Amino acid sequence: LLGLGLALAGSVGTGACCLAGAGLVALATRASTRQDPTAAYAPPADLAPTYPAPALDPYAEENALGFLAIGDNAVRGPATAPVTINVVSDFQCPFCARVEPTLAQLDAAHPGQIRWVWHDCPLPFHADALPAAEAAREVRRQLGDEGFWRYRTLLFENNRVLDAASLEQLAVSMPGIDLRAFRAAMASHRHEATVRADMLATEAAGGVGTPGFLINGQWLRGAQPLE
């Protein structure tokens, strides 16, 4: 466990897409609403673009620093694995894409020892990140966790172009996808509230910026090659 933690620490020590100041919660809710999770959403006027966010943070009572609930998130790896890595990521973040080979190397080097848990953190200056997160969650709804992880890989491999047409084209390449249902989910933003709740949970647990990794309660941030 210690060796794995040190290996990932060395591989993700630098390079991140970050938000200055109060962090991600500033984009979804004022600091005061952390004390009253039922308060209305009111983002600071100087932060743009912004997206609508749910007035209630469903994770507010169960989160603490160093803890992230799995919630309605994709998981890969055995539940009995000694190491759980919560991956906080943004599909349009170049550093998130850059760290993917490192994560694959770690997984291959420690077979059956890691449980990976995905957490969405689409940053507001990445215009296509939120739709991409919504698309990935719809693929998961239709094809399960295995389908999600395959689509997630496609998104990172093509993350320079993640407009609506590209998201749909990548979804169509997934065997078993119901294109009509996919289009309906994207048009209605079926999964946006879930993505936004996940962002709030990540901030409550101490995460700021992407990529971020919560390894058995310890945060590591940023990306660089494993070597």
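This one's a predicted model, so the numbers in the text were calculated from it and none came from an experiment. Here, residue 1 is the first one in the sequence, and each next residue gets the next number.
- The distance from the CD atom of Q218 to the CD1 atom of I215 is 7.0 Å, given to the nearest 0.5 Å.
- There is no side-chain donor-acceptor pair under 3.5 Å between R115 and N86.
- Contact between G147 and M174 at its shortest, heavy atoms only, is O-CE, 3.2 Å.
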Salt bridge (charged side-chain N to carboxylate O under 4.0 Å, His left out) evaluation trace for D145 with R140: CA-CA 6 Å; D145 282 357; R140 177 176 180 252; 2.5 Å; yes
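- Contact of the V161 side chain with the S166 side chain is registered, since non-hydrogen atoms from C-beta on lie closer than 4.5 Å.
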Apply salt bridge (charged side-chain N to carboxylate O under 4.0 Å, His left out) to residues D178 and R183 and explain how you reach the verdict. CA-CA 9 Å; D178 182 333; R183 287 173 172 170; over 6 Å; no
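- The two residues P82 and N216 come nearest to each other via the heavy atoms O-ND2, 3.0 Å.
- Here the closest non-hydrogen pair linking F182 and V139 is CE1-CG2, 4.2 Å.
- L154 has its side chain within reach of S173: a pair of non-hydrogen atoms, C-beta onward, lies under 4.5 Å apart.
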Chi angles and distances behind the side-chain contact (heavy atoms from CB on, under 4.5 Å) call for I85, L214: CA-CA 6 Å; I85 301 181; L214 185 62; over 6 Å; no
Could you go step by step and tell me if C93 and T210 meet the side-chain contact (heavy atoms from CB on, under 4.5 Å) rule? CA-CA 7 Å; C93 168; T210 59; 3.4 Å; yes
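- Within the model, atoms CG of N158 and CG of L170 stand 5.0 Å from one another, a figure rounded to the nearest 0.5 Å.
- Classified by interplanar angle (parallel below 30°, tilted 30° to 60°, perpendicular above 60°), the ring pair F91/W118 is parallel.
- In this structure, I114 and W116 have side chains that are in contact, with non-hydrogen atoms separated by less than 4.5 Å.
- Contact annotation: the side chain of N73 approaches that of R137 to within less than 4.5 Å [non-hydrogen atoms, C-beta and beyond].
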Yes or no on side-chain contact (heavy atoms from CB on, under 4.5 Å) for L143 and I177, after CA distance, side-chain angles and deciding distance? CA-CA 7 Å; L143 303 180; I177 202 73; 4.2 Å; yes
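- Here the NE2 atom belonging to H189 is positioned 5.5 Å from the CD atom belonging to E134, to the nearest 0.5 angstrom.
- Here the side chains of R160 and D128 are not in contact, with every heavy-atom distance at 4.5 Å or above.
- No side-chain heavy atom of V117 sits under 4.5 Å from any side-chain heavy atom of V87.
- Here the side chains of L155 and L162 are in contact, with some heavy-atom distance below 4.5 Å.
- Rounding to the nearest 0.5 angstrom, the gap separating the SG atom in C96 from the CG atom in L123 is 7.5 Å.
- The two residues A81 and G112 make their nearest non-hydrogen contact at CB-O, 3.9 Å.
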Please evaluate residues R196 and D120 with respect to the criterion salt bridge (charged side-chain N to carboxylate O under 4.0 Å, His left out), reporting the C-alpha separation (whole Å), side-chain torsions for both, the decisive distance (0.1 Å), and the verdict. CA-CA 8 Å; R196 197 148 292 285; D120 287 307; over 6 Å; no
Between E138 and R141, does a salt bridge (charged side-chain N to carboxylate O under 4.0 Å, His left out) hold up when you go through it step by step? CA-CA 5 Å; E138 174 58 19; R141 187 189 71 82; 2.8 Å; yes
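- Nearest heavy atom pair, residue A127 against residue Q92, reads N-OE1, 3.3 Å.
- For the atom pair NE2 of H119 and CE of M199, the computed distance is 13.5 Å after rounding to the nearest 0.5 Å.
- With contacts defined as side-chain heavy-atom distances shorter than 4.5 Å, the pair V88/F213 does not qualify.
- Shown here for P211 and F95, the closest heavy-atom pair between the two residues is CD-CB, 3.7 Å.
- Taking CG of D107 as the start and OG1 of T102 as the end, the distance is 12.5 Å to the nearest 0.5 Å.
- Using a 4.0 Å cut-off between a side-chain N of Lys or Arg and a carboxylate O of Asp or Glu, E100 and R152 qualify as a salt bridge.
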